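To keep things clear, I will list the structure first and then write my remarks on it.
Here the structure is a predicted model, which is why all the values come from computation and not from measurement. Below, all heavy atoms of this structure are taken into account, side chains as well, without hydrogens, waters or symmetry copies.
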Amino acid sequence: MGTLAERLREERTRLGLKQEEMAVAAGLNRTAQIRYEKGERAPDSDYLTALAGIGVDVLYVLTGVPAPTLKTDEAELLRRYRAAPPAVRTAVAAALGTVAVSQETDPSFAIQSSEIGNVMQGGQTITAPLTFNVGGKKGGKKK
């Protein structure tokens with residue numbers, strides 16, 4: 001894991017930057033960058049904020065633990081979840097089994113599908129995990 005100074009140097013190398021380039025990006029001179037990388041000075045929040053802006057994993061530099069990364073599809077799902085109305089977020093959380101949905105937490109939501117012809121309305125207690133059976137064969141005459 002190394003020291004903060006070593007991790008800072010690792011991040012600079014990972015990004016393919018020279019000491020002077022990293023210093024300029026953070027609004028400093030090369031001497032200040034050298035002192036940070038030797039451990040003679042500790043970086044301040046303005047410096048670290050500037051580094052985050054150029055792609056430095058500041059969490060890793062400070063703690064030695066890399067910041068978690070999301071795959072593209074996970075990031076898109078999270079973006080859409082955050083942009084969704086509260087009723088949709090509650091229904092998603094219930095479907096994933098992370099919360100129980102009740103009238104107190106979300107009194108109104110509806111999930112519809114014109115292909116299925118079924119409607120699930122809110123206003124009733126729904127406890128996760130949920131099972132949705134969609135489609136299947138209809139009963140018919142046996143020969």
Side-chain angles (χ1 to χ4, degrees), residues 1-140:
M1 181 174 1
T3 65
L4 185 143
E6 291 167 339
R7 293 188 299 268
L8 184 60
R9 186 177 23 238
E10 283 177 37
E11 281 296 284
R12 179 179 55 77
T13 303
R14 181 184 65 82
L15 294 171
L17 298 173
K18 296 178 180 176
Q19 287 177 325
E20 187 170 348
E21 293 169 327
M22 191 148 162
V24 168
L28 301 174
N29 60 42
R30 184 172 176 260
T31 304
Q33 182 67 35
I34 290 170
R35 288 183 178 152
Y36 288 150
E37 290 186 18
K38 285 185 174 182
E40 294 173 359
R41 284 185 55 193
D44 63 15
S45 61
D46 291 337
Y47 171 80
L48 294 171
T49 300
L51 293 187
I54 63 167
V56 170
D57 184 348
V58 175
L59 181 64
Y60 173 69
V61 171
L62 289 172
T63 67
V65 178
T69 57
L70 297 175
K71 296 176 185 172
T72 304
D73 61 332
E74 293 170 332
E76 178 62 14
L77 182 62
L78 182 58
R79 184 192 68 75
R80 288 177 183 234
Y81 176 83
R82 288 178 175 166
V88 172
R89 290 195 310 267
T90 301
V92 168
L96 295 174
T98 59
V99 297
V101 177
S102 69
Q103 193 167 1
E104 293 80 35
T105 58
D106 184 26
S108 62
F109 71 90
I111 301 172
Q112 289 184 306
S113 172
S114 59
E115 292 178 22
I116 301 168
N118 295 328
V119 178
M120 185 171 113
Q121 299 272 343
Q124 55 198 322
T125 300
I126 301 171
T127 306
L130 301 174
T131 302
F132 294 93
N133 294 316
V134 180
K137 295 182 181 180
K138 293 189 175 196

What is the distance from atom CG of Leu77 to atom OG1 of Thr72, rounded to the nearest 0.5 Å?
12.5 Å
Nearest-0.5 Å distance, CD of residue Glu10 to OG1 of residue Thr3:
9.0 Å
Note: Leu48 and Val58 closest approach over all heavy atoms is O-CG2, 3.4 Å
Presence of salt bridge, Arg14 and Glu11, under 4.0 angstrom:
yes
Donor-acceptor pair between Tyr36 and Gln19 side chains, under 3.5 angstrom:
no
Hey, could you give me the CZ/OG1 distance between Arg41 and Thr31, rounded to the nearest 0.5 Å?
10.0 Å
Distance, nearest 0.5 Å, that separates CE of Met22 from CG of Leu8:
4.5 Å
Please round to the nearest 0.5 Å and tell me the distance separating atom CG of Asp57 and atom CZ of Arg7.
10.5 Å
Run the side-chain contact (heavy atoms from CB on, under 4.5 Å) test against Ala84 and tell me which residues pass, sequence neighbours left out.
Val88, Arg89
For atom CZ of Arg30, decide whether the heavy atoms of other residues, nucleotides or ligands shown that lie under 6.0 angstrom number more than 12.
no
Arg35 side-chain N/O to Glu40 backbone N/O, donor-acceptor pair under 3.5 Å:
no
Check step by step if side-chain contact (heavy atoms from CB on, under 4.5 Å) holds for Val61 and Leu51.
CA-CA 10 Å; Val61 171; Leu51 293 187; over 6 Å; no
Taking atom CG of Leu28 and atom CG of Asp46, what is their separation to the nearest 0.5 Å?
9.5 Å
For side-chain contact (heavy atoms from CB on, under 4.5 Å), just list the numbers for Glu76 and Asp73, CA-CA rounded to whole Å, side-chain angles, deciding distance to a tenth of an Å, and then say yes or no.
CA-CA 5 Å; Glu76 178 62 14; Asp73 61 332; 5.6 Å; no
Which atom of Arg9 lies closest to which atom of Glu37, heavy atoms considered
NH1-O, 3.2 Å
Measure across Gly64 and Pro66 and return the closest heavy-atom pair with its distance rounded to 0.1 Å.
O-CD, 3.7 Å
Ignoring hydrogens, what is the shortest heavy-atom contact between Ala50 and Ala25? Give both atom names and the distance.
CB-O, 4.0 Å
